[in-house]
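Notes to accompany the following structure.
Predicted model, so just to flag it, every value in this text is computed and none were measured.
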Amino acid sequence: MSMKQDRTTRYQKDSLTLSGTVMLGTGVMIGAGIFALTGQMAQMTGSLFPLAFLAAAIVVSFSAYSYIKISNAYPSAGGVAMYLHQAYGDRLPTGFNALLMYFSMVIAQSFLARTFGSYTMQLFGGDDSGRMVSILGAALILAAFFINLLGNRWIQGVASVIGIIKIVGILIFGLVGIWLADSFAVDSSTLDDTNTIGDFLGATALGILAFKGFTTITNSGSEVKNPHRNVGRAIVISIAICVVIYTLVGFAVSSNLSLAEIIETKDYSLAAAARPALGDYGLWFTVAIAMVATAGGLLASIFAVSRMLAMLTEMKLVPHRHLGMPGSVQKHTLVYTVVLGLAFTTLFDLSRIAALGIVFYLIMDIAIHWGVLRYLRQDIKAVMWVPIVAILLDLLVLGGFVWIKLNSDPFVLGVAVVTIVVIAVAEQVYLKSSARKKAIEKDTLADHH
């Protein structure tokens, strides 16, 4: 009996406050997004990249509506997985899209880890080989793993302190950068004939990656105080904070670096922008803030994604093996999540990690909105036009992003397509398997006893 209790998932009700939940959300959002995506977005759309951040905020604002309405009705530690289950039941769309979300979140961890490594190496003159970036990223993932083992109060406490430090630090960077800049403007004259609407949509898709961390808040649903109210409030507050910070930082970078310089330093553009404005001290300050921000983001991301996989395991939508490990299912899913994060961190560079993450996320996001329209609209009292607009915007930016990658990096799209097919086939096989039926029967018998 003690072994049975040890293996079950354990969620600590009322262990997360509203402010703590906001810090977990912004912890994931204000991480690699603003520090590494700025240069990649500038490479796609030129000096209009600050406007691409604003466009991404508009898309995410429509998207957040569905999550807020569902979270108010069905707060759960399973977050997106439970939302999909409410809409589609024990069927392939639930498991498939939940796994897409899971992998996009694991990819986000790797993105944070490599960004941490890229900025840290600026203190030592950079890392052309990328080897030290991978090593530092892996070390950060392992450190976040051990903090997550300590429990919710430690995670919330560390995330809150880190969240306050990085928000204040980034605001200082943005305000001082704009104040010391020669001009406060986005110079569109640097755009050439190769910049198109598709490029802007592709950059907007990358910008969404900087906001998608709000979904991690949904994975804390059953552990938040007054979840029917506070989960939705935390989502709105987190997005609002990020809109202000991203806009400010975007204009600060564009005011201190030329477009060519932003693109050349795309993996650490904020650190590069700090040097002309504040000298070496500005560089050190920005690198320190980047290290703190990415570390906090990784900590919060691992917390949320491991709980999502635990919920999928509990719902019998994915197989689970203890592999001789002690402890609860949550501890096991934490280990699996960290191992996958380490693999992505060492195998892919920042650009390809971002590309995989946005493709997986947007497909899942469309499934959430369709589930609201098709199955949940009346139950959660949602208006029809907002999810429709959200789907159209998702399709628009996904199409633009895919078009750009087809011309610039078709390999990463091939990896995405193969991964999506493998996930779909494997999930369908498991749903029909005898192993899943036995697991369901075992749980039913245990509940009966």
Step by step, work out the side-chain contact (heavy atoms from CB on, under 4.5 Å) result for I241 and I237.
CA-CA 6 Å; I241 290 173; I237 294 170; 3.8 Å; yes

Quick one: do K316 and L431 satisfy side-chain contact (heavy atoms from CB on, under 4.5 Å)? Show the steps, please.
CA-CA 8 Å; K316 302 299 180 289; L431 290 176; over 6 Å; no

Working note: M291 + V287, criterion side-chain contact (heavy atoms from CB on, under 4.5 Å); need CA distance, chi angles, decisive distance, verdict.
CA-CA 6 Å; M291 292 170 65; V287 169; 3.8 Å; yes

Does H85 form a side-chain contact (heavy atoms from CB on, under 4.5 Å) with D90? I'd like the steps, not just the answer.
CA-CA 7 Å; H85 190 266; D90 285 327; 2.9 Å; yes

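Note on ring orientation: taking the six-membered ring where Trp is involved, the planes of Y246 and F211 are perpendicular (angle over 60°, cut-offs 30° and 60°).
Between K69 and S66, every side-chain heavy-atom pair lies at or beyond the 4.5 Å cut-off. Looking at heavy atoms from C-beta onward, Y102 lies in side-chain contact with T337 at the 4.5 angstrom threshold. For the pair F103/L356, no side-chain contact is recorded, criterion being any heavy-atom separation below 4.5 Å from C-beta on. By the 4.5 Å heavy-atom criterion applied to side chains, R114 and S134 are counted as neighbours. Contact of the V397 side chain with the L393 side chain is not registered, since no non-hydrogen atoms from C-beta on lie closer than 4.5 Å. In this structure the side chain of L309 never reaches within 4.5 angstrom of the side chain of H332, judged on heavy atoms. The closest side-chain heavy-atom distance from F360 to I420 is below 4.5 Å. At least one side-chain heavy atom of I135 sits under 4.5 Å from a side-chain heavy atom of M132.
Taking the six-membered ring for Trp and the full ring otherwise, the centers of Y74 and Y83 sit at least 6.0 Å from each other.
Nearest heavy-atom pair, Q428 versus L92, reported as atom, atom and distance to 0.1 Å: OE1-CB, 3.5 Å. In this structure, F62 and V386 approach most closely via the heavy-atom pair O-CG1, 3.8 Å. Residue L209 comes nearest to G357 through the heavy atom pair CD1-C, 4.0 Å, listed as atom of the first residue, atom of the second, then distance. Across L54 and T247, no two heavy atoms sit closer than the pair CD2-OG1, 3.2 Å. Across all their heavy atoms, A98 and L312 have their closest contact at CB-CD2, 3.6 Å. Looking at every heavy atom in both residues, V372 comes nearest to P387 through CG1-CG, 4.0 Å.
One finds the CD1 atom of I165 at 7.5 Å from the CD1 atom of I289 (value rounded to the nearest 0.5 Å). Annotation: the span from I391 atom CD1 to I368 atom CD1 amounts to 11.0 Å, rounded to 0.5 Å. Here CD1 of I366 is found 9.5 Å from CG of N97. Values are rounded to the nearest 0.5 Å. Distance check, rounded to the nearest 0.5 Å: CG of L342 to CD of Q109 gives 9.0 Å. In this structure, the separation between CG on L398 and CD1 on I363 is 6.0 Å, given to the nearest 0.5 Å. Atom CE of M105 is separated from atom CD1 of I302 by 11.0 Å, given to the nearest 0.5 angstrom.
Without hydrogens or angle criteria, T120 side chain to F116 main chain gives a donor-acceptor distance under 3.5 Å. Side chain of T94 to backbone of L84: a donor-acceptor contact under 3.5 angstrom is found. With hydrogens and angles ignored, the 3.5 Å screen pairs a side-chain donor or acceptor of T333 with a backbone N or O of S306. Counting only distance, with no hydrogens or angles, the side chain of N72 and the backbone of I68 share a donor-acceptor pair below 3.5 Å. Here the side chain of Y430 pairs no donor or acceptor atom with the backbone of G95 at under 3.5 angstrom. T45 contributes no side-chain N or O that, together with a main-chain N or O of A42, makes up a donor-acceptor pair within less than 3.5 Å. Side chain of Y361 to backbone of I208: no donor-acceptor contact under 3.5 angstrom is found.
Between the side chains of T286 and Y119, no donor N or O sits under 3.5 Å from an acceptor N or O. For D365 and Y67, the side-chain atoms include at least one donor-acceptor pair closer than 3.5 Å.
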